[in-house]
Each structure stands twice: as C-alpha cells, then as structure tokens.
Amino acid sequence: MSSVEMSHIASVLRGCAAPCNLLVFGLTHETLLWKSLNHKGRTVFVDESAYLISKLEEKHPSIEAYDVQFTTKVSELYDLIEHYKGEVTKECRPVQNLLFSDCKLAINDLPNHIYDVAWDAILVDGPRGYSGAAPGRMMAVFTAGVLARSKRGGARETHVFVHEFEREVERVCSDEFLCRENLVEVKDSLGHFVIGKMEADRRRFGFCSVSGASVSPKAKST
C-alpha cells in the first residue's frame with residue numbers, strides 16, 4: 001500500500017470518535033500499523049490463513065484475528081453476481097444478520113459477536129485475488145456492504161476502503177455492493193466509500209439507490 005493510501009486511511013481513523021471499531025479483511029505489511037493507529041479502539045482482522053493468524057497472535061497476543069473459509073474463486077465473479085441478483089430480496093439482501101445468511105457471497109462463519117459490532121471503518125485488503133483460482137474479494141466487499149447498512153447503534157455512516165480498486169473484481173463488486181453514489185474519493189489504488197445505515201423495512205430492494213453504471217461518482221482521484 002502506498003504512503004498516500006495509508007495516510008488517507010490514517011486521517012479517517014484519527015477523525016473517528018473513540019472508541020473506533022475497525023474491521024480489516026486481509027493480513028498485510030500494514031497490519032500492525034492499523035492496530036497502532038487505532039490504539040484507543042477495537043481492531044479486528046479477518047484472513048483466509050489460519051497459519052498466518054496463529055503466527056501473528058503468537059508474536060502479538062493483543063491482536064484480535066479470525067480465519068474464515070472463502071469459498072469463491074475470481075473466475076466465478078459473474079456467476080456470483082447473477083446469484084446475488086436472483087437473491088437480492090432474499091438471502092443476499094442488503095440488510096440482514098449475516099450469521100443466518102445462505103447467500104454465496106456472505107461471510108457467515110465469524111464469531112457471533114462480530115456481527116453485533118457497529119463498525120466505524122472497514123478495510124478490504126484481502127483475501128488473495130491475483131489469479132482466477134484465488135478466492136478474490138467478492139465475499140469481503142459484499143459482507144462489508146451488508147455490515148455497514150445493517151449496523152445498530154454507533155455512527156450513522158461507515159467508511160469502507162477497498163484496496164486495489166482498479167482490479168475487475170474489486171471494481172465490479174464495489175459498484176454492486178458499495179455503490180458509486182457512495183464513492184467519495186480515490187487515492188492511488190484505494191477506493192473510499194461512505195455508507196449510511198439502511199432500514200430493513202424500506203420499500204426498496206438492492207444495495208444502490210440508482211444504477212451504478214449511470215452515476216458519476218463524487219470522487220476525486222488523486
């Protein structure tokens with residue numbers, strides 16, 4: 001991650017009302033930085049590798065991290081989008097408790113209490129997505145979108161950051177689940193979205209209020 005990208009995330013975390021709740025998908029070179037920057041809040045890491053999490057917790061016992069099984073592949077991107085569109089009013093709806101979801105894009109095997117946290121910021125920087133056989137970040141982006149819209153309590157809005165935003169999976173899933181209308185800034189390869197809570201009984205289905213393809217993002221690319 002570039003210094004510009006890290007500085008942008010850091011500035012948002014500094015402006016977050018303490019205690020700040022930060023959820024990070026992916027263990028990276030910046031893992032300890034995120035923990036340090038949010039030292040007055042709660043930082044939780046989610047990764048595909050139980051081995052890496054075990055090693056991290058061994059060296060840094062204060063780290064809170066969980067491994068999950070990502071069941072998708074990058075090559076399945078458009079099949080998964082079609083699955084979502086067919087289930088958007090059912091299992092893949094934008095407001096729900098993911099613990100009970102059967103949507104193929106939902107991460108539903110984290111500890112129960114994780115789904116009850118009102119996350120202030122979510123960073124998607126994992127899992128791997130550099131080949132067709134890699135799990136890709138479809139589930140992470142979808143889950144981030146649902147957690148932001150479904151939270152109870154805390155700030156009305158959630159900052160969601162998607163790293164390597166220029167890649168196809170990240171771009172397509174961000175358009176579908178985070179929405180261009182919520183894209184406020186792009187810093188190098190980092191997309192920054194601000195997503196408000198959504199009521200479950202609203203007479204509207206889908207994640208975006210308008211089609212992402214027809215909306216010009218409010219973002220400034222720098």
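The first residue in the sequence is number 1, and the count goes up from there.
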> Do Arg42 side-chain atoms and Asn21 backbone N/O form a donor-acceptor pair below 3.5 Å?
no

> In this structure, would Val169 and Ile107 fall into the same cluster of hydrophobic residues linked by side-chain contacts under 4.5 Å?
yes

> If I compare all heavy atoms of Gln69 with all of Asp109, which pair ends up nearest, and what's the gap?
N-OD2, 3.6 Å

> Does either side chain, that of Ser2 or that of Asp188, offer a donor lying less than 3.5 Å from an acceptor on the other one?
yes

> Do the non-hydrogen side-chain atoms of Leu22 and Trp34 ever get within less than 4.5 Å of each other?
yes

> Look at the side chain of Thr158 and the backbone N and O of Ala121, then say whether any donor-acceptor pair between them is shorter than 3.5 Å.
no

> Are Pro135 and Arg128 packed together at the side-chain level, in the sense that at least one heavy-atom pair is separated by less than 4.5 angstrom?
yes

> Using a strict 4.0 Å threshold on nitrogen-to-oxygen distance, state whether Arg93 and Glu87 make a salt bridge.
no

> Is there a side-chain contact between Leu123 and Glu30 in this structure, where contact means two heavy atoms from C-beta onward sitting under 4.5 Å apart?
no

> Distance-only, no hydrogens or angles: does the Ser7 side chain make a donor-acceptor pair with backbone N or O of Ser3 under 3.5 Å?
yes

> Please check if the side chain of Ser11 supplies one atom and the backbone of His8 the other of a donor-acceptor pair under 3.5 Å.
yes

> Consider only side-chain heavy atoms of I, L, V, M, F, W and Y, link residues closer than 4.5 Å, and tell whether Leu23 and Ile53 are in one cluster.
no

> Let me check something: do Phe45 and Phe25 share a hydrophobic cluster, defined by ILVMFWY side-chain heavy atoms less than 4.5 Å apart, either directly or through other members?
no

> Is any side-chain N of the basic residue among Asp125 and Arg137 closer than 4.0 Å to the acidic one's carboxylate O?
yes

> Just by modelled atom types, is the Glu57 backbone N or O under 3.5 Å from a matching donor or acceptor in the His60 side chain?
no

> Give, for atom CG of Leu13 and atom OG1 of Thr43, the distance between the pair rounded to the nearest 0.5 Å.
7.5 Å

> Does NE2 belonging to His113 count more than 12 external heavy atoms closer than 6.0 Å?
yes

> Contact between Leu56 and Leu52 at the side-chain level, heavy atoms closer than 4.5 Å - yes or no?
no

> Would a distance-only check, ignoring hydrogens and angles, find a side-chain to backbone donor-acceptor pair under 3.5 Å from Gln96 to Glu91?
yes

> Do Phe142 and Cys103 come within less than 4.5 Å of each other through their side chains, counting heavy atoms only?
yes

> So which heavy atom on Asp120 is nearest to which on Ala155, and how close?
OD1-CB, 4.0 Å

> Considering all heavy atoms of both residues, which atom of Leu147 and which atom of Tyr115 are nearest to each other, and what is their separation?
CD2-CD2, 4.3 Å

> For the backbone of Ser49 and the side chain of Asp47, can you confirm whether one donor and one acceptor N or O come within less than 3.5 Å of each other?
yes

> Give the minimum heavy-atom separation between Leu105 and Thr143, together with the two atoms involved.
O-OG1, 3.8 Å

> Strictly distance-based, threshold 3.5 Å: is any side-chain N or O of Ser189 a donor or acceptor partner for the main-chain N or O of Phe165?
no

> Would you say that Arg180 contacts Asp175 through its side chain, given a criterion of any heavy-atom pair below 4.5 Å between the two side chains?
yes

> Among side-chain atoms of Glu76 and Tyr78, is any donor-acceptor pair under 3.5 angstrom?
no

> Does Arg171 come within less than 4.0 Å of Glu166, counting only side-chain N to carboxylate O?
no

> Is Lys187 paired with Glu5 through a side-chain N to carboxylate O contact shorter than 4.0 Å?
no

> Is there a side-chain contact (heavy atoms from CB on, under 4.5 Å) between Leu77 and Met138? Walk through the geometry before answering.
CA-CA 7 Å; Leu77 170 61; Met138 297 83 77; 3.8 Å; yes

> Which atoms form the tightest heavy-atom contact between Lys151 and Lys197, and what is the distance?
O-CD, 3.7 Å

> Taking the six-membered ring for Trp and the single ring otherwise, decide whether the centroids of Phe207 and Tyr84 are under 6.0 Å apart.
yes

> Would a 4.5 Å heavy-atom cut-off, applied to side chains only, mark Val24 and Val46 as touching?
no

> Mark yes or no for whether Ser150, through its side chain, and Val146, through its backbone, hold a donor-acceptor pair below 3.5 Å.
yes

> Using atom types as modelled and distance alone, determine if a side-chain donor or acceptor of Asn182 lies under 3.5 Å from a backbone N or O of Leu178.
yes

> Just so I know, are the side chains of Ile81 and Glu176 near enough to count as touching, which here means a heavy-atom distance under 4.5 Å?
yes

> Give me the atom names and distance for the closest heavy-atom approach of Thr72 to Lys104.
CG2-O, 4.1 Å

